[in-house]
2 protein chains.
Amino acid sequence: MKALKYSRQREAIKDFLAARTDHPTADIIYSHIREDFPNISLGTVYRNLSLLAERGEILKLSCGDNADHFDGCTAPHYHFFCRKCQSVSDLELPDMDIINLAASRKFCGKIEGHTLYFYGICKACNTREKLEEESFSQTNENENFSQNA
Amino acid sequence: MKALKYSRQREAIKDFLAARTDHPTADIIYSHIREDFPNISLGTVYRNLSLLAERGEILKLSCGDNADHFDGCTAPHYHFFCRKCQSVSDLELPDMDIINLAASRKFCGKIEGHTLYFYGICKACNTREKLEEESFSQTNENENFSQNA
DNA sequence: ATAATAACAGTAATTATTATCAATTTTTAT
DNA sequence: ATAAAAATTGATAATAATTACTGTTATTAT
């Protein structure tokens, strides 16, 4: 694999991702990089994200919300996708290669790895949901009180 | 969830998927259903695939090759994605909900499930690869022989 | 049988992403 | 330091997958 020629834009994209713990999409990255490089084009962002992912310097995450997300941290870990706010968060679990073994026993072919995403409700949405339930049941209590009165 | 009004097109799509073990994309499904319904439109295929998936009558698979695949079998099992021929095959492994438990211990939020895809080289591509290697080394032997002669 | 409405075909619009290309930036060789 | 070579860029066009819109047709309930 041939070395890449340096570019300020690519460096900025890499630094930007390294400084975040969320997992922005290409257009989010674009809108932020634009603050430092007002003339950068979206194509440049896409091209560099692909190059960096290809070389394993960042991770490309396809979690099924049909927009790729990118992760500046390449240490092995998994991801969680919130079905309410669509956010992607890290889940610090070591690589479970035992999963590959289980699959190998059932499959005729070469299993090289797996992609695993968890889904559900993130902490923030969970808290918000509970608050809404509370205020909803309070409303109901008031309604009942009015009817009874 | 309201009941759906019957439609021959939707029935045909469901039957088509039930009869296959591969996991076709919307446009593949479209091209086949067209043999029986020459006037069906691609939008109808997409709409019905979404409806059926929403109701759990089929599965929508997003395996990162940016075209959704569909599976007529909803019994719990996993999938394998061949990075060579991009085919998606079934992997009859029971649902490993132990994975969710491991994740729950490391995550503040509600984990409802996971999506897990295996990747590597499928049986067919693996065989083909070996054949090519063989014929390649034979070619080399011949070349060496010519040079030595 | 008829009215209400869900689903349809056809088509336009949207969204994410990739490709093209002349101009610029970075690297290499002098 | 300078010029030639090569990679990268910005701008824009093109593609691919999917969704939205609209007038017509099929299904269901009365």
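Here is the naming used below: chain letters follow the sequence lines, and residue numbers restart at 1 for every chain.
Distance, Lys14(B) NZ to dA7(C) P: 14 Å, rounded to whole Å. Atom-to-atom, NE2 of His69(B) to P of dA16(D) comes out at 16 Å; the value is rounded to the nearest Å. Between Asp65(A) atom CG and dT18(D) atom P the separation is 13 Å, expressed in whole Å. Here dT15(C) presents its P atom at 14 Å from CD1 of Ile28(A), a figure rounded to the nearest Å. Atoms NZ (Lys2(A)) and P (dA6(D)) sit 9 Å apart, rounded to a whole Å. Rounded to an integer number of Å, the gap from CD1 of Ile33(B) to P of dA9(C) is 11 Å. Per the geometry, CD belonging to Gln86(B) stands 16 Å off C1' belonging to dA17(D), to the nearest Å.
Two residues are said to be in side-chain contact when any heavy atoms from C-beta on lie closer than 4.5 Å; Leu116(A) and Thr115(B) fail this criterion. Taking the side chain as every heavy atom from C-beta outward, His77(A) and Leu91(A) never approach each other to under 4.5 Å.
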- Verdict with supporting geometry, Arg47(A) and Thr44(A), side chain to side chain donor-acceptor pair (under 3.5 Å): CA-CA 5 Å; Arg47(A) 182 163 17 82; Thr44(A) 299; 3.2 Å; yes

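Distance alone, capped at 3.5 Å, is enough to place a donor-acceptor pair between the Arg10(A) side chain and the Lys5(A) backbone. Between the Tyr117(B) side chain and the Ser62(B) main chain, a donor and an acceptor come within less than 3.5 Å of each other.
Look at Lys84(A) and Glu129(A) and you find a salt bridge, because one of the NZ, NE, NH1 or NH2 atoms lies within 4.0 Å of a carboxylate O, short of that distance.
Within the model, atoms CG of Leu61(A) and OG1 of Thr25(A) stand 11.5 Å from one another, a figure rounded to the nearest 0.5 Å.
Remark: Leu42(B), Tyr46(B) in residues 36-63 of chain B come within less than 4.0 Å of DNA chain D through at least one heavy atom. Within a heavy-atom distance below 4.0 Å of DNA chain C, the residues of residues 3-10 of chain B found are Leu4(B), Lys5(B), Ser7(B), Gln9(B), Arg10(B).
Note that the two end axes of the helix from dA1(C)-dT30(D) to dT30(C)-dA1(D) enclose an angle of 40°, each drawn from 5 base pairs, rounded to 10 degrees.
Ring centroid separation for the pair Phe16(A) and His32(A) comes in under the 6.0 Å cut-off. Aromatic rings from Phe80(B) and Tyr119(B) are positioned such that their centres are separated by 6.0 Å or more.
Among the heavy atoms of the strands lying under 4.0 Å from Asp68(B) are primed sugar atoms or P, OP1, OP2 only; no base atom is included.
When the shell of 6.0 Å around CD1 of Ile98(B) is examined, it contains 12 or fewer heavy atoms from other residues, nucleotides or ligands.
His79(A) and Asp71(A) are linked by a side-chain donor-acceptor pair at a separation below 3.5 angstrom, with hydrogens and angles left out of the test.
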